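Since we're looking at a predicted model, the values are computed, not measured. Order of the sequence lines sets the chain letters (A, B, ...), proteins ahead of strands, with each chain counted from 1.
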Protein chains: 2
Amino acid sequence: MSDLLERLRGRGWRMTAQRRVVAEVLDGEHVHLTADEVHSRAVARLPEISRATVYNTLGELVSLGEVLEVATDKRAKRYDPNAHRPHHHLVCAQCGAIRDVHPTGNPLADLPDSERFGFTVSDVEVTYRGTCPNCAAA
Amino acid sequence: MSDLLERLRGRGWRMTAQRRVVAEVLDGEHVHLTADEVHSRAVARLPEISRATVYNTLGELVSLGEVLEVATDKRAKRYDPNAHRPHHHLVCAQCGAIRDVHPTGNPLADLPDSERFGFTVSDVEVTYRGTCPNCAAA
DNA sequence: GCTTGACTTAGACATTGTCTATTGTAGGAT
DNA sequence: ATCCTACAATAGACAATGTCTAAGTCAAGC
Ligand SMILES: [Mn+2]
Ligand SMILES: [Mn+2]
Ligand SMILES: [Zn+2]
Ligand SMILES: [Zn+2]
């Protein structure tokens with residue numbers, strides 16, 4: 001995620017302790033945290049960081065295309081740092097665990113013209129749901 | 001939607017003016033209202049209906065499998081009375097218009113075992129995004 | 001027509017997200 | 001190295017969405 005900080009610096013971002021911490025929290029594989037979860041983990045590293053700053057920073061990262069908002073959770077938005085490799089999601093209906101997945105085929109090709117109602121279709125979001133190994137064992 | 005009311009009566013539901021009105025509001029094609037929108041429209045027909053009753057009734061309908069919760073909107077949940085014919089959704093990114101669509105092919109088959117991480121996958125939700133004819137014209 | 005348990009209601013409370021006025025500071029200018 | 005200032009962070013009010021409870025109401029069986 002340090003390349004992210006580099007890119008942002010190049011775009012005129014002022015580098016602050018808060019922004020660095022948010023970027024650090026978002027680092028990793030299969031990371032899909034809510035804003036509140038990002039805040040909790042950020043507070044662990046920088047106790048005085050505010051909720052507003054976390055929301056602001058996440059919003060900026062989304063605007064810049066560095067982070068995606070995903071709606072796998074029906075309550076809070078989740079923030080996905082894996083914005084540069086297209087993928088979809090597999091969600092455990094019990095515990096909420098989320099994995100990045102790469103299905104074969106192109107779902108866009110599966111939507112015939114007769115089902116497009118005159119829309120210009122530019123994007124598709126696929127969410128698989130099921131039960132993860134942990135929850136199946138229990 | 002009157003067959004819905006019949007089914008519910010058969011399941012021991014007490015039939016009240018409030019429940020009838022919520023069912024009426026949910027009647028129709030391509031209906032995907034938020035709880036608040038359901039409440040507004042219900043109030044137009046039955047001014048004293050409360051927010052709590054709308055939430056309760058929607059929750060019951062979801063539990064009974066008569067209505068689906070869909071997450072096409074990143075803010076509020078939307079309630080979909082078209083629960084008996086599987087389908088997916090096409091959403092206008094500008095105005096939020098939603099259409100039911102029926103893609104060809106089975107996206108479940110497009111998720112190889114190597115991408116299932118030991119999950120038992122039971123369901124898939126596909127959301128197409130684009131621009132509707134109205135918004136394209138403007 | 002009663003009775004009763006299921007239903008509805010108002011409003012408090014919880015969670016998630018947005019906004020503003022004030023204070024602080026990163027980073028360029030001197 | 002210090003100063004300046006525009007940009008950023010903060011606290012907390014506010015808004016939107018959703019949940020819960022205690023008290024009153026009524027549908028439906030008797
Ligand atoms: Mn992801
Ligand atoms: Mn639908
Ligand atoms: Zn699980
Ligand atoms: Zn539109």
Side-chain angles (χ1 to χ4, degrees), chain A residues 5-25 32-64 66-80 96, chain B residues 5-25 32-64 66-80 96:
Chain A
L5 292 178
E6 277 313 311
R7 277 200 302 281
L8 294 173
R9 197 193 305 275
R11 295 220 220 177
W13 245 38
R14 194 175 282 189
M15 199 45 51
T16 67
Q18 292 85 348
R19 285 172 168 178
R20 235 186 312 269
V21 164
V22 169
E24 282 171 21
V25 166
H32 305 88
L33 301 171
T34 65
D36 226 45
E37 288 166 351
V38 172
H39 182 237
S40 298
R41 296 183 187 201
V43 162
R45 295 165 183 249
L46 185 69
E48 68 273 25
I49 192 173
S50 73
R51 238 164 49 88
T53 294
V54 170
Y55 274 99
N56 287 343
T57 305
L58 290 172
E60 288 158 6
L61 290 170
V62 170
S63 291
L64 293 170
E66 297 287 352
V67 166
L68 299 175
E69 268 177 6
V70 296
T72 56
D73 187 312
K74 287 195 176 67
R75 269 181 311 179
K77 292 175 192 167
R78 291 188 171 272
Y79 292 89
D80 186 343
Chain B
L5 292 178
E6 276 315 309
R7 279 200 301 282
L8 295 173
R9 197 193 305 273
R11 295 220 220 179
W13 248 36
R14 197 174 278 190
M15 200 44 52
T16 67
Q18 291 85 349
R19 286 172 166 177
R20 233 185 313 268
V21 164
V22 169
E24 282 171 19
V25 166
H32 305 88
L33 301 170
T34 65
D36 227 44
E37 287 166 351
V38 172
H39 181 237
S40 299
R41 296 184 188 201
V43 162
R45 295 166 183 246
L46 186 68
E48 68 273 24
I49 192 173
S50 73
R51 237 164 50 88
T53 293
V54 170
Y55 274 99
N56 287 342
T57 305
L58 289 172
E60 289 158 5
L61 289 170
V62 170
S63 291
L64 293 171
E66 297 288 352
V67 166
L68 299 175
E69 268 176 7
V70 297
T72 56
D73 187 313
K74 288 196 175 66
R75 270 181 311 179
K77 292 175 193 166
R78 291 189 172 271
Y79 293 89
D80 186 343

Problem - From His39(B) atom NE2 to Thr34(B) atom OG1, the distance as rounded to the nearest 0.5 Å - result: 11.5 Å
Exercise for the section: For dT10(D), take OP1 and OP2 only and decide whether either is under 4.0 Å from a side-chain N or O of Gln18(A). Expected result: yes
Fill in the blank from the handout: When Arg19(B) and Lys74(B) are each assigned the nearest nucleotide of DNA chain C, the 5'-most assignment goes to Arg19(B)
Exercise for the section: May I ask you to verify if any side-chain N or O of Thr16(A) is less than 4.0 angstrom from the OP1 or OP2 atom of dA9(D)? Expected result: yes
Problem - Side-chain N,O (Tyr55(A)) to OP1/OP2 (dT18(C)) below 4.0 Å - result: no
Problem - Any N/O donor-acceptor pair, Arg14(B) side-chain to dA28(D) base, under 3.5 Å - result: no
Practice task
Send over the distance from Asp36(A) CG to dG18(D) C1', rounded to a whole Å.
Solution key: 15 Å
Exercise for the section: Report which part of the nucleic acid Arg51(A) touches: base, sugar-phosphate, or nothing (heavy-atom distance under 4.0 Å, all strands). Expected result: base
Completion exercise
In whole angstroms, the gap separating P of dA8(D) from CD1 of Ile49(A) amounts to 14 Å
Exercise for the section: Just call it for Ala76(B): base, sugar-phosphate, or nothing, with non-hydrogen atoms closer than 4.0 Å on any strand. Expected result: sugar-phosphate
Problem - Upstream residue (5' side of DNA chain D) when Trp13(B) and Thr34(B) are each assigned their closest nucleotide - result: Thr34(B)
Practice task
Check every strand shown and say whether Thr53(B) touches a base, only sugar-phosphate, or nothing at a heavy-atom separation below 4.0 Å.
Solution key: base
Fill in the blank from the handout: Ala52(A) has its side chain closest, among dC19(C), dT16(C), dT9(C), to dC19(C)
